[in-house]
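Data first, discussion second: the structure below is written as structure tokens.
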Amino acid sequence: MTDSRAVRVRFAPAPTGYLHVGSARAALFNWLFARHHGGTFVLRIEDTDAARSREEWIVGIQDTLTWLGLDWDEGPFLQGDRLDRYAAAADTLLASGRAYECYCTPEEVSARNDVARADGRSPGYDGRCRDLNSDQRAALAGEGRPRSIRFRTPDEGVSSFTDLVRGEVTVEWSTIADFVIVRSDGSPVFFLANAVDDAEMAITHVLRGEDLLDSTHRVLAIREALGIDGSPEYGHLPLLVGADRAKLSKRHGAVALEEFRDSGFLPDALVNYLALLGWAPEDGREVMTREELITEFDIGRVTHSAAFFDYQKLDWMNGEHIRALATDQLEALVVDAVRARWGEESNRELAVAAARLGQERATTIKALVDQADFLFVGDADFSISPDSWEKVAASERGMEVLDAVHAHITTCEWTAEAGAGGTDVRGVIEALGLKPRKVMSLLYVAIEGRHAGLPLFEAIHLLGRDRALARLDAVRVRLGGGLG
RNA sequence: GCCCCCAUCGUCUAGUGGCCUAGGACGCCGCCCUUUCACGGCGGUAACGGGGAUUCGAACUCCCCUGGGGGCACCA
């Protein structure tokens, strides 16, 4: 951007639910754009739909943005606090004739649209109240009909603007029907509030999803009708879609940011992955820090087509970020996660050890903690997953291996210095004439309850001699050989 | 039905007329490493939707078709 004005962008969610991953992506692009240009990032809550907006979502969205690390410089501004401005704007439009009073009810309009569709005609307000005179209006009002205010779109000509990502976008006014800007309860509708606020808040650039592309013409028309000079530049971001290429929604999988947080994804990884959905830096880097993203971000490099949200690639990305974490940072995260799961008095040393052993292999914090379950679970609750057992139940000379390992663990050196060196049972297995890798799974299952997990010798050492022996015994029994 | 947007490997993308027998990443497959699983390393699989036009030359420009998506609310 070569715009000389100081950049001011905004993220303007409606507090009608949790923060959706698509909205988060829009917030991120605005934030990156603002930070890249040293501009201002404004948070505005578009709560003009009182029926669907809720206080808890206003709080929740802010919490989630904060967790993601998308800090805002101004706001949150609530449109609910600014109703007088929208009312004034509506009066202006009414006075100039750019808007008119409409006495059709939503039900009537909807019914007429259904008929239109059924007849193969285009839906959209049919203009019934467009040219009422004052007597007609008074009569309709006299019937007790509710009054809304509708914007009168131009009858001819075109609406055109230059989109930052798509270039020139033009549409004929004749295809855009008159639309409501003030509901019959007096509350403003998105188009009006949006136009007024972007002007008053001196927003210079609007980056939002492509699903809002058509509405831009209407917002721009209101600005013009209000006599507001100039307008922000608009950039419509490609949509995020699911496996069926439709707009990403709940049925495609996790879409609430909270779900990603609770699954142990790192904010930096999510930010990194989201940034790459619809944008790529010039040099093709993929794993990037927040600072690198800010430096490289360029609205001109945003792509045009919808992007599939690939959970597998997110997993990979998260693993990359876990590995890039300073060890003490990961330790802190794992300790917190372990305590959230097993209680505040959970053994900190074990959690720290698990963090270190897991850093090289984990994709999420949750998966890492899952792998460490065997360290924290009570002995009475320890169990072996059925499919893991199935994999090892027929292990070659399993009983012999267990006996030998049991004997070794019983007598091996057990000191902090020796560590996992003492619990290394490879020699024992080789002495039986077996290849360690062939029978190791059985031991993993016995000790960790699953055939894949944290390194075995370290696991045994962390578990402690008594608990380790008890688990070996349990599997000996299960294998049918008793405790000979 | 009408309007708008979009179109490169399965996926995310690089590519802005010759550097492209199309590059990278995820996934997948194989090999190596290895204390299982991972991680890591190496290699492989795999794409310019179709048709015209412009040009000495098109993934890149234009047109048509096809396909996909979005919108047409007193939601945002």
Side-chain angles (χ1 to χ4, degrees), chain A residues 12-14 16 23 46-49 51-52 102 104-107 109-110 113 116-125 146 148-150 163 166 169-172 174-177 179-185 187-191 193-194 208-215 217 236 238-239 241 243-247 273 276-287 301 303-310 312-317 319 323 358-363 367 371 391-392 420 424-426 429 436-437 439-445 448 450-459:
Chain A
T16 54
S23 304
E46 307 217 321
D47 57 348
T48 53
D49 184 352
R52 298 199 308 149
C102 173
C104 300
T105 66
E107 294 73 26
V109 172
S110 163
N113 278 339
R117 263 184 261 262
D119 291 352
R121 287 179 291 119
S122 294
Y125 187 65
S148 61
I149 300 176
R150 222 172 254 282
D163 191 272
R166 285 152 218 284
V169 179
T170 303
V171 61
E172 304 252 349
S174 60
T175 65
I176 300 180
F179 54 94
V180 168
I181 55 175
V182 177
R183 300 186 183 85
S184 48
D185 67 0
S187 65
V189 173
F190 162 73
F191 303 103
N194 196 271
R208 25 128 78 151
E210 198 205 322
D211 49 346
L212 294 170
L213 185 56
D214 291 299
S215 79
H217 298 283
H236 289 92
L239 255 25
V241 299
D244 57 1
R245 307 304 298 183
K247 199 156 62 155
Y273 179 67
L276 260 25
L277 245 29
W279 173 79
E282 218 169 345
D283 61 11
R285 260 178 300 168
E286 303 235 21
V287 181
R301 291 185 60 82
T303 60
H304 299 182
S305 46
F308 170 77
F309 191 93
D310 187 346
Q312 277 189 308
K313 189 158 185 178
L314 206 213
D315 275 339
W316 164 79
M317 179 67 80
R323 259 154 256 129
Q359 183 159 25
E360 287 306 309
R361 71 197 72 236
T363 57
Q371 287 207 321
K391 280 184 164 53
V392 301
D424 184 341
V425 296
R426 275 173 296 184
I429 295 168
R437 48 187 306 109
V439 295
M440 206 63 87
S441 294
L442 176 61
L443 299 175
Y444 274 90
V445 167
E448 305 189 23
R450 51 173 73 202
H451 62 277
L454 300 178
L456 183 70
F457 313 147
E458 286 81 354

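Per chain, numbering begins at 1; letters A, B, ... match sequence-line order.
For the C1' atom pair drawn from B/G18 and B/U61, the interatomic distance equals 15 Å after rounding to whole Å. Taking the C1' atoms as reference points, B/G24 lies 31 Å from B/C62, given to the whole Å. Distance noted for atom P between B/G23 and B/U45: 11 Å (whole Å). For the C1' atom pair drawn from B/C9 and B/G71, the interatomic distance equals 31 Å after rounding to whole Å. Nucleotides B/C48 and B/A59 have their P atoms positioned 11 Å apart, rounded to a whole Å. When the C1' atom is used for both B/U35 and B/C39, the distance is 14 Å, rounded to whole Å. A distance of about 35 Å separates the P atoms of B/A14 and B/A73, rounded to the whole Å. On the C1' atoms, B/C20 is 12 Å away from B/U8, given to the nearest whole Å.
Rounded to the nearest 0.5 angstrom, A/Y273 OH and A/M317 CE are separated by 8.5 Å.
In this structure, A/L239 reaches the sugar-phosphate backbone alone: every heavy-atom distance under 4.0 Å involves primed, P, OP1 or OP2 atoms, never a base. Backbone-only engagement by A/T170 is indicated by non-hydrogen atom pairs under 4.0 Å involving sugar-phosphate atoms exclusively. At a threshold of 4.0 angstrom between heavy atoms, the contacts of A/C104 include nucleobase atoms, whether or not backbone atoms are also involved. Note on A/R450: nothing from the nucleic acid sits closer than 4.0 angstrom, heavy atoms only. When heavy atoms are screened at a 4.0 angstrom cut-off, A/A177 is found touching no nucleic acid atom at all. Counting any heavy atom pair closer than 4.0 Å across all strands shown, A/L443 reaches no nucleic acid atom. Within 4.0 Å of A/S122, counting heavy atoms only, lies at least one base atom of the nucleic acid. At the heavy-atom level, A/P106 lies under 4.0 Å from base atoms of the strands shown. A/L212 comes within 4.0 angstrom of a nucleotide base, judged by non-hydrogen atoms across all strands. A/G278 comes within 4.0 angstrom of sugar-phosphate atoms only, judged by non-hydrogen atoms across all strands, and of no base.
Comparing B/A76, B/G70, B/C2 by their nearest atom to the side chain of A/A246 picks out B/G70. The side chain of A/R361 lies closest to B/A38, out of B/C4, B/C74, B/A38. Which of B/A7, B/A73, B/G71 sits closest to the side chain of A/S305 comes down to B/A7. Ranking B/A76, B/C4, B/U35 by closeness to the A/M440 side chain, first place goes to B/U35. Side chain of A/F308, nearest nucleotide from B/C12, B/U35, B/G71: B/C12. Side-chain proximity of A/E210 to the nucleotides B/C5, B/A76, B/C74 is greatest for B/C5.
A donor-acceptor contact under 3.5 angstrom links the side-chain atoms of A/S184 to the base of B/C74.
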Original post:
Base, backbone or nothing for each nucleotide of nucleotides 14-29 of chain B, written B, S, -, heavy atoms under 4.0 angstrom, 5' to 3'?
Top reply: SS--------BBSS--
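A/L213 places its CG atom 17 Å from the P atom of B/G69, with the value rounded to the nearest Å. Regarding A/R245, its CZ atom lies at a distance of 12 Å from the P atom of B/G10, rounded to whole Å. B/A76 atom P lies 13 Å from atom CZ of A/F179, rounded to whole Å. Here the P atom of nucleotide B/A73 and the CD atom of A/E46 are 19 Å apart, to the nearest Å. Counting to the nearest Å, the C1' atom of B/U13 and the NE2 atom of A/H304 are 13 Å from each other. One can place CE of A/M317 at 12 Å from C1' of B/U13, the figure rounded to the nearest angstrom. Atom pair A/E458:CD and B/C37:C1' shows a separation of 14 Å (rounding to whole Å applied). For A/D214 and B/C2, the CG to P distance is 16 Å, given to the nearest whole Å.
Taking each heavy atom of A/M440 and A/L456 in turn, the nearest pair found is SD-CD2, 3.8 Å. Pairing each heavy atom of A/E448 with each of A/A459, the nearest pair is OE2-CB, 3.4 Å. Of all heavy-atom pairs between A/L314 and A/F309, the closest is CD1-CZ, 4.2 Å. A/F190 and A/S215 get closest at one heavy-atom pair: CE2-OG, 3.9 Å.
A close approach under 4.0 Å does occur between a side-chain nitrogen or oxygen of A/T48 and OP1 or OP2 of B/A76. The phosphate of B/U36 has OP1 or OP2 within less than 4.0 Å of a side-chain N or O from A/R437. Between A/N113 and B/C72, a side-chain N or O to OP1/OP2 separation shorter than 4.0 Å is absent. Side-chain nitrogen and oxygen atoms of A/K247 include at least one within less than 4.0 Å of the OP1 or OP2 phosphate oxygen of B/G71. For the OP1/OP2 pair of B/G70 and a distance below 4.0 Å, the side-chain nitrogens and oxygens of A/R166 include no atom meeting the criterion.
For A/E458, the side chain to side chain donor-acceptor pair (under 3.5 Å) test picks out no residue, with sequence neighbours left out.
A cation-pi arrangement is present between A/R150 and A/Y125, with the terminal nitrogen or guanidinium carbon under 6.0 Å from the aromatic centre and inside a 45° cone about the axis.
Across all strands shown, B/C2 forms a Watson-Crick or G-U wobble pair with B/G71, both key distances being under 3.5 Å. Pairing for B/U55 is absent, judged as Watson-Crick or G-U wobble with the two contacts each under 3.5 Å. B/G10 is paired with B/C26 under the Watson-Crick or G-U wobble criterion, all donor-acceptor distances under 3.5 Å. Under the Watson-Crick and G-U wobble criteria, each requiring two contacts below 3.5 Å, nucleotide B/C20 is left unpaired. In this structure, B/C31 and B/G41 make a Watson-Crick or G-U wobble pair, each of the two defining distances being under 3.5 angstrom.
Along RNA chain B, the nucleotide closest to A/R121 and the one closest to A/S215 are compared, and the more 5′ of them pairs with A/R121. Judged by closest nucleotide on RNA chain B, A/R323 is the one of A/R323 and A/F191 placed further toward the 5' end.
Judged by distance alone, the side chain of A/N113 and the main-chain N or O of A/P123 form no donor-acceptor pair under 3.5 Å.
No side-chain heavy atom of A/V180 sits under 4.5 Å from any side-chain heavy atom of A/I149. Looking only at side-chain heavy atoms (C-beta outward), A/V287 and A/W316 come within less than 4.5 Å of each other.
Between A/K247 and A/E210 there is no salt bridge, since no side-chain nitrogen of the basic residue lies less than 4.0 Å from a carboxylate oxygen of the acidic one. With respect to the salt-bridge test (charged N to carboxylate O, under 4.0 angstrom), the residues A/R426 and A/D424 qualify.
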